[in-house]
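Keep in mind that the numbers below use all heavy atoms, side chains included, and drop hydrogens, waters and symmetry copies. Everything numeric here is computed off the predicted structure, so don't read it as measured data.
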Amino acid sequence: LSQAIGAVAMNYNVMLFSRILSGVVHSAFFGVALSVCASLAGPERIGRASAIVMGGLMVASVIGLPAATWLDQYTSWRMSFWIISGLMLLGIIACATLVPKQPVKSSASLKQEIAALGKGELWAACITSGLGVGAVFAMFTYLFPILTQVTGFSPTTIPVLLAMYGAATVVGIMIVGRIADRYTMRILFCGQVILITLLVTFALNTESMVISTLALLLTGLVGLPMNPALATRVMRLAKNSSLVNTIYIAVSNVGIVVGSWVCLLY
């Protein structure tokens, strides 16, 4: 429904409403989806399960972002909204027919879920996710004008670069998902250090096609793929609480907004 509203939007306010509606259900859906997959996979495979869930987002980046950019250039941006609406309908059918219908049993009661929100470690993990995702999407928000106006790439090259970035992200999330359960904190520490280095390198070398491309691909490999390790940390602290998982996703979304907004100020 939110995508269909966006497709027919005739002014900014209607489009804004469709984005708010989409954001609300996004956090709710992925919070529950993480709990479902963790419950099905078991506590020893939380990282791998969350990597599969978030891998769907990464695959969407590989296919969706270049496709949407191409549609915008050659047809209409409205067409991408209608296509997404159709894909979401397929998603509804898939969830209704394939996801187990028994309720997900969380190992924490509602009282324990609320009590978990008082843990400093939990909020540290959530805020780390918000900052990391926000940093990546801040870069991503202004990627098109940077690569075309500063670096010198032609607009027709951008979908190819986005596809390469998305492919790197898929590879990264597959790797992290395999090791997130055993090396959660090491992944988070090393990943943050590498991400900071890559973003600074990109900022200082935007006029170089080679360095910009390498920084973009490596950011795809390291940036968003840290999320399975972050999700593992959050779900272990909160005992796979759907409420906490939803808040974790919401904080990540807030990071996206704040990251892009801060860059706009400068």
(message) Is there a side-chain contact between Leu224 and Asn227 in this structure, where contact means two heavy atoms from C-beta onward sitting under 4.5 Å apart?
(response) yes
(message) Please check if the number of heavy atoms outside Arg178 that lie under 6.0 Å from its CZ is greater than 12.
(response) no
(message) Side-chain heavy atoms nearer than 4.5 Å, only ILVMFWY residues, links allowed to pass through others: does that put Val170 and Met164 together?
(response) yes
(message) If I take atom CD1 from residue Ile194 and atom OG1 from residue Thr201, how far apart are they, to the nearest 0.5 angstrom?
(response) 11.5 Å
(message) Show, in sequence, the C-alpha distance, side-chain angles and deciding distance for Val234 and Cys126, and conclude whether the side-chain contact (heavy atoms from CB on, under 4.5 Å) test is met.
(response) CA-CA 7 Å; Val234 169; Cys126 289; 4.3 Å; yes
(message) On a heavy-atom basis, which atom in Leu40 and which in Pro100 lie closest, and how many Å separate them?
(response) CD2-CG, 3.9 Å
(request) Of all the heavy-atom pairs spanning Trp77 and Gly6, show the shortest one and how long it is. (result) CZ3-O, 3.5 Å
(request) First locate atom CE of Met174, then atom CD1 of Ile52, and finally report the distance between them rounded to the nearest 0.5 Å. (result) 10.0 Å
(message) Please check this pair: side chain of Thr151 against backbone of Thr148, looking for a donor-acceptor N/O pair closer than 3.5 Å.
(response) no
(request) With the side chain counted from C-beta on, respond yes when Tyr165 and Leu161 share a heavy-atom pair under 4.5 Å apart, and no when they do not. (result) no
(request) Flag yes if Leu131 and Leu195 sit in one hydrophobic cluster, no otherwise; membership is Ile, Leu, Val, Met, Phe, Trp, Tyr, and two members link when side-chain heavy atoms are under 4.5 Å apart. (result) no
(request) Tell me whether Val171 is reachable from Leu162 by hopping between hydrophobic residues (I, L, V, M, F, W, Y) whose side-chain heavy atoms are closer than 4.5 Å. (result) no
(request) Taking all non-hydrogen atoms of both residues into account, name the closest pair between Trp82 and Ala4 and its distance. (result) CZ3-CB, 4.0 Å
(message) Below 30° counts as parallel, above 60° as perpendicular, anything between as tilted: where do the rings of Phe30 and His26 land?
(response) tilted
(message) Return the CD1 to CE distance between Ile187 and Met226, rounded to the nearest 0.5 Å.
(response) 10.0 Å
(request) Supply the atom-to-atom distance Leu16 CG to Leu21 CG, rounded to the nearest 0.5 angstrom. (result) 11.5 Å
(message) Working note: Phe81 + Val8, criterion side-chain contact (heavy atoms from CB on, under 4.5 Å); need CA distance, chi angles, decisive distance, verdict.
(response) CA-CA 9 Å; Phe81 277 84; Val8 300; over 6 Å; no
(request) Assess whether side-chain contact (heavy atoms from CB on, under 4.5 Å) is satisfied between Ile247 and Leu122, documenting all intermediate values. (result) CA-CA 10 Å; Ile247 291 175; Leu122 178 64; over 6 Å; no
(request) Check whether any side-chain heavy atom of Ile173 lies under 4.5 Å from a side-chain heavy atom of Pro228, and answer yes or no. (result) yes
(message) Show the nearest heavy-atom pair for residues Ala138 and Gly259, with the distance to one decimal.
(response) CB-O, 3.4 Å
(message) Taking atom CZ as the centre, does Arg78 end up with more than 12 heavy-atom neighbours from other residues, nucleotides or ligands that are less than 6.0 angstrom away?
(response) yes
(request) State, with a plain yes or no, whether a side-chain heavy atom of Ser18 is found less than 4.5 Å away from one of Met15. (result) yes
(message) Is any side-chain heavy atom of Leu34 closer than 4.5 Å to one of Phe29?
(response) no
(request) Determine whether Leu204 and Ile211 make a side-chain contact, defined as any pair of heavy atoms from C-beta on separated by less than 4.5 Å. (result) no
(message) Does any part of the side chain of Met209, heavy atoms only, come nearer than 4.5 Å to the side chain of Leu147, both counted from C-beta?
(response) no
(request) Please round to the nearest 0.5 Å and tell me the distance separating atom CG of Leu198 and atom CE of Met139. (result) 8.0 Å
(message) Is the shortest side-chain heavy-atom distance between Gln3 and Ser22 below 4.5 Å?
(response) yes
(request) For Asn205 and Ser208, indicate whether the former's side chain and the latter's backbone hold a donor-acceptor pair under 3.5 Å. (result) no
(request) Indicate yes or no for a side-chain donor-acceptor contact from Thr206 to the backbone of Phe202 under 3.5 Å, with no hydrogens or angles considered. (result) no
(request) Heavy atoms only: give me the nearest Cys37-Val53 pair and the separation to one decimal. (result) SG-CG2, 3.2 Å
(request) Determine yes or no for a side-chain-to-main-chain donor-acceptor pair under 3.5 angstrom, with Asn245 supplying the side chain and Val32 the backbone. (result) no
(request) Could you state whether Tyr12 and Ile20 fall into the same hydrophobic cluster, counting links through intermediate Ile, Leu, Val, Met, Phe, Trp or Tyr residues with side-chain heavy atoms under 4.5 angstrom apart? (result) yes
(message) Can you tell me how far apart CG (Leu87) and CD1 (Ile83) are? Round to the nearest 0.5 Å.
(response) 7.5 Å
(request) Spell out, yes or no, whether Leu199 and Val136 are grouped together once hydrophobic residues are joined by side-chain heavy atoms under 4.5 Å, including indirect joins. (result) yes
(request) List the atom of Leu188, the atom of Ala229, and the distance in Å for their closest heavy-atom pair. (result) CD2-CB, 3.8 Å
